[in-house]
Amino acid sequence: MTKKYRQKGYEARLHEDVMNSPAWLDLKPTPRALLFEFLLIYRPSRNGKLSISEKTAITRLNISPKLAARAFYELAEHGFIKISKYQDWMNGQAREWSLTFKPVNSREPTNEYMQWKKGKNMNPELQRPKWLKN
């Protein structure tokens with residue numbers, strides 16, 4: 001009889017419909033990697049309060065500050081994440097996000113990434129700064 005191997009902890013996975021979407025296929029590797037970092041901290045009761053600072057993204061993804069900032073904006077522009085609470089620098093709090101393809105407070109996912117088209121910003125309230133263009 002063989003022993004079954006059981007891993008501990010949660011899984012960070014994406015469904016096929018997300019990964020085959022035009023929004024996903026348009027993303028560069030860095031925003032894709034950042035989305036998996038969000039999935040690592042995701043729990044159903046925590047969606048809408050997911051917080052990854054740019055400093056954490058820089059460290060975990062081993063990237064530059066500019067590349068980290070761009071990754072957050074690209075995920076938001078493509079409709080995969082949505083800002084739920086802005087940062088509070090005075091109290092050292094990073095922004096809080098929700099994953100649009102997961103339920104928030106028992107509400108159905110909004111799946112904004114499915115409406116994304118090239119050149120369309122799915123989160124217009126979160127404008128990319130001029131210094132971060134392209």
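All of these numbers come straight from a predicted model, not from anything done at the bench.
Between Leu67 and Ser64, the closest side-chain pair of non-hydrogen atoms falls below 4.5 Å. Looking at heavy atoms from C-beta onward, Lys85 lies out of side-chain contact with Arg95 at the 4.5 angstrom threshold. At least one side-chain heavy atom of Lys118 sits less than 4.5 Å from a side-chain heavy atom of Asp26. Side-chain contact between Arg13 and Leu39 is absent, with no heavy-atom pair separated by less than 4.5 Å. Counting heavy atoms from C-beta on, the side chains of Met122 and Gln115 come closer than 4.5 Å. In this structure the side chain of Leu99 reaches within 4.5 angstrom of the side chain of Ile81, judged on heavy atoms. No side-chain heavy atom of Phe80 sits under 4.5 Å from any side-chain heavy atom of Leu34.
Neither Val104 nor Val18 shares a network with the other; the hydrophobic side chains, linked directly or stepwise wherever heavy atoms of I, L, V, M, F, W or Y lie under 4.5 Å apart, form separate groups for each. Residues Ile83 and Leu35 share a single hydrophobic cluster, defined by chaining ILVMFWY side chains whose heavy atoms lie under 4.5 Å apart. With hydrophobic clusters built from ILVMFWY side chains whose heavy atoms lie under 4.5 angstrom apart, Tyr42 shares a cluster with Phe38. Residue Met19 is not grouped with residue Leu40 when hydrophobic side chains (ILVMFWY) are merged at heavy-atom distances under 4.5 angstrom, including chains of intermediate members. Hydrophobic cluster membership is shared by Phe36 and Tyr73, with clusters built from Ile, Leu, Val, Met, Phe, Trp and Tyr side chains linked at under 4.5 angstrom.
Of all the heavy atoms in Ala71 and Thr30, the pair that sits closest is CB-CG2, 3.9 Å. A pairwise comparison of heavy atoms in Ala33 and Leu61 identifies CB-CD2, 3.7 Å as the closest pair. Closest approach of Ile58 and Pro65 over heavy atoms only: CD1-CA, 3.5 Å.
With hydrogens and angles ignored, the 3.5 Å screen pairs no side-chain donor or acceptor of Ser51 with any backbone N or O of Glu96.
Note that the CZ atom of Arg32 and the NZ atom of Lys28 stand 11.0 Å from one another [nearest 0.5 Å]. Here the CG-OG distance, from Leu27 to Ser21, works out to 7.5 Å after rounding to the nearest 0.5 Å. Here the straight-line distance linking atom CE of Met114 with atom OG1 of Thr100 works out to 10.0 Å at 0.5 Å rounding. The line from NZ of Lys82 to CH2 of Trp97 is 11.0 Å long, rounded to the nearest 0.5 Å. Asn20 contributes atom CG, which lies 11.0 Å from atom CG of Leu14 (distance to the nearest 0.5 angstrom). A distance of 14.0 Å separates OG of Ser98 from CZ of Arg46, quoted to the nearest 0.5 Å.
Relative ring orientation between Phe101 and Tyr113 is described as perpendicular, the plane-to-plane angle rising above 60° on a 0-90° scale split at 30° and 60°.
Under a cut-off of 6.0 angstrom, the local environment of CD in Glu125 is crowded, with over 12 non-hydrogen atoms contributed by other residues, nucleotides or ligands. For Arg107, the CZ atom sits in a loose shell: 12 or fewer heavy atoms of surrounding residues, nucleotides or ligands are nearer than 6.0 Å.
Side-chain contact of Ser53 with Thr56: a donor-acceptor pair under 3.5 Å is present, judged by distance alone.
For the ring pair (Phe, Tyr, Trp, His ring centres under 6.0 Å) test, no residue two or more places apart in sequence or in another chain qualifies with Trp24.
Salt-bridge annotation for Glu37 and Arg60: present, with a side-chain N of the basic residue lying under 4.0 Å from a carboxylate O of the acidic one.
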